[in-house]
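Here the structure comes first, spelled out in structure tokens, and everything after it is commentary.
Start at 1 and go down the list; that is how both ligands and their atoms are numbered. Computation of the quantities below employed the complete heavy-atom set of this structure, encompassing side-chain atoms and omitting hydrogens, waters and symmetry-equivalent molecules.
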Amino acid sequence: MTLPVAVLVSGRGSNLQAILDACASGGLDARVAIVVSNHAGVPALQRAALAGVPSAVFTLRTYSDRAAAHSAMAAAIAGVGAELVVLAGFDHILAPIFFVRLSGVPVINLHPALLPLFGGRGMHGDKVHEAVLASGATESGCTVHRVHPETVDLGEVVVQRRVPIEPGDTAETLAARVLEQEHGAIVDAIRRFVPTAVSR
Ligand code: GAR
């Protein structure tokens with residue numbers, strides 16, 4: 001059964017693209033039912049439009065607070081019948097009301113490091129890779145994990161992929177190699193939520 005998925009984005013949307021491509025090629029039995037962004041005018045929204053996928057924008061400026069914005073976001077996601085929420089480069093922490101309104105719908109997040117290392121509040125994008133390099137670690141990678149209310153980067157791991165750190169790596173070169181792995185990891189992770197046909 002094709003899994004209806006909501007993808008939450010904040011910027012570039014290359015992971016959204018990987019998901020859209022996997023759905024289009026038949027490599028993933030899912031369909032992106034809605035793309036939701038917390039920023040207007042970001043490239044991820046153009047990717048959704050090009051793929052013919054509906055999108056919606058919920059900026060903090062339009063709502064009285066984060067809870068109001070995330071509650072409206074959850075209502076839009078429930079409205080399209082999404083059965084999985086995927087945070088693919090989403091840069092806000094979801095308010096608890098989001099989970100209440102989408103009770104029973106799993107939420108997963110993609111993070112560009114090997115959690116539980118280099119996660120937590122404020123750890124997004126290049127900051128993560130800079131921290132990894134500063135630590136002297138010999139490998140990094142990416143993690144897709146479950147998201148629960150009031151926690152950041154602490155949910156159960158769904159998929160993890162490892163990337164060696166090479167001599168002379170900068171945050172930029174490391175980010176690029178990790179991103180390549182992210183594109184496969186996010187698709188693999190979604191696949192785990194696709195219901196399998198029960199044979200009698
Ligand atoms: C990805 O590298 C993702 O892991 C990261 O944002 C990037 C989004 O790229 N997410 C985080 O850092 C979450 N803490 P994309 O917009 O091209 O998919």
Within the structure, does [X] bring an N/O atom to less than 3.5 angstrom of an N/O atom in ligand 1?
| X | result |
| --- | --- |
| Asp153 | no |
| Gly125 | yes |
| Asn109 | no |

Original post:
Hey, which atoms in ligand 1 end up nearer than 4.0 Å to a heavy atom of Arg12?
Top reply: 9 (O), 15 (P), 16 (O), 17 (O)
Original post:
Counting from 1, what ligand 1 atoms have a heavy atom of His111 closer than 4.0 Å?
Top reply: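 Going through ligand 1 atom by atom, the ones under 4.0 Å from His111 are 4 (O), 13 (C), 14 (N).
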How far is [atom] from its nearest protein heavy atom, and which residue and atom name does that atom have?
| atom | result |
| --- | --- |
| atom 16 (O) of ligand 1 | Gly13 N, 2.7 Å |
| atom 8 (C) of ligand 1 | Gly89 CA, 3.6 Å |
| atom 4 (O) of ligand 1 | Glu182 OE1, 2.6 Å |
| atom 18 (O) of ligand 1 | Asn15 ND2, 2.8 Å |
| atom 13 (C) of ligand 1 | His124 ND1, 3.2 Å |

Original post:
Quick one: does ligand 1 sit under 4.0 Å from the side chain of Met123, the backbone, both or neither, non-hydrogen atoms only?
Top reply: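 Answer for Met123: backbone.
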Original post:
Are Val128 and ligand 1 in contact, using a heavy-atom cut-off of under 4.0 Å?
Top reply: no
Under a 4.0 Å threshold between the charged nitrogen and the carboxylate oxygen, would [Y] count as salt-bridged to [X]?
| X | Y | value |
| --- | --- | --- |
| Arg177 | Asp169 | yes |
| Arg191 | Asp29 | no |
| Glu139 | Arg162 | yes |

Subject >> Separation between NE2 of His111 and SG of Cys142, rounded to the nearest 0.5 Å >> reply: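 So the NE2 of His111 and the SG of Cys142 are separated by 10.0 Å.
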Original post:
Hey, which of Val32, Leu50, Asn15 is the one that makes side-chain contact (heavy atoms from CB on, under 4.5 Å) with Leu20?
Top reply: Val32
Original post:
Quick one: which of Ile93, Leu94, Ile97 gives a side-chain contact (heavy atoms from CB on, under 4.5 Å) with Arg66?
Top reply: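 The passing option is Ile93.
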**OP:** For side chain to side chain contact (heavy atoms under 4.5 Å, CB included), just list the numbers for Arg161 and Glu182, CA-CA rounded to whole Å, side-chain angles, deciding distance to a tenth of an Å, and then say yes or no.
**Re:** CA-CA 8 Å; Arg161 290 198 178 186; Glu182 290 184 45; over 6 Å; no
Subject >> Polar contact flag, side-chain donor to acceptor under 3.5 angstrom, Gln17-His183 >> reply: no
